[in-house]
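All remarks here apply to the structure that follows.
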Amino acid sequence: MMDGIGTLDTSIWSGYIVRPKGDMRLYTCRVYETLQEASDVAQERADSRHRPYEVRVTCDTSQRIIKTFKPRKSK
């Protein structure tokens, strides 16, 4: 059955999520398709909230940290 294979593909699709550093709570969040987009959002949030943010890759239920962004010093 081709239908079974089609639904399997979406379960292993991976994207990137942005979270506060060390935050392990489960909640719905936006999944970004590109690392660049997620990185930009993480840096923006780190700057505005003055705390580090992480970009993680999502694949099934495991989340691997790709990058951590620290707030830039305001001039």
Side-chain angles (χ1 to χ4, degrees):
M1 291 282 203
M2 293 302 282
D3 291 337
I5 294 171
T7 55
L8 181 66
D9 288 343
T10 57
S11 70
I12 58 172
W13 179 84
S14 66
Y16 302 94
I17 60 171
V18 174
R19 282 207 165 149
K21 182 176 174 148
D23 190 345
M24 299 307 289
R25 289 176 295 172
L26 291 174
Y27 49 83
T28 308
C29 55
R30 174 145 181 222
V31 176
Y32 299 93
E33 289 185 26
T34 66
L35 179 57
Q36 184 59 55
E37 187 183 16
S39 297
D40 291 346
V41 169
Q43 186 63 67
E44 234 173 75
R45 288 188 187 167
D47 291 345
S48 67
R49 297 190 171 107
H50 306 292
R51 60 185 290 194
Y53 269 74
E54 297 169 340
V55 172
R56 299 181 185 188
V57 66
T58 62
C59 186
D60 292 331
T61 55
S62 66
Q63 295 177 3
R64 207 164 36 89
I65 298 169
I66 302 279
K67 288 183 177 180
T68 300
F69 291 87
K70 294 185 175 166
R72 293 178 286 215
K73 304 280 184 243
S74 47
K75 294 177 178 160

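Not measured: the values here are computed from a predicted model.
- Residues Thr34 and Tyr16 have side chains not in contact (no heavy-atom distance under 4.5 Å, counting atoms from C-beta outward).
- Atom OG in Ser48 sits 7.0 Å away from atom OH in Tyr53 (nearest 0.5 Å).
- Of the options Val57, Thr58, Val41, a side chain to side chain contact (heavy atoms under 4.5 Å, CB included) to Ile17 is made by Thr58 and by none of the others.
- Distance check, rounded to the nearest 0.5 Å: CZ of Arg45 to CG of Asp40 gives 12.0 Å.
- Every salt bridge (Lys or Arg N to Asp or Glu O under 4.0 Å) that Asp47 has, sequence neighbours left out, goes to Arg72.
- Shortest non-hydrogen contact noted between Gly22 and Arg56 is N-NH2, 4.3 Å.
- Residues Arg30 and Glu37 share a closest heavy-atom pair of NH2-OE2, 3.3 Å.
- Residues passing the side chain to side chain donor-acceptor pair (under 3.5 Å) test with Glu44: none are found, sequence neighbours excluded.
- Residues Ala42 and Val55 share a closest heavy-atom pair of CB-CG2, 3.7 Å.
- A 4.5 Å side-chain heavy-atom check between Pro52 and Phe69 finds every atom pair outside the cut-off.
- Proximity of a side-chain donor or acceptor of Thr68 to a complementary backbone N or O of Glu54 within less than 3.5 Å is not detected.
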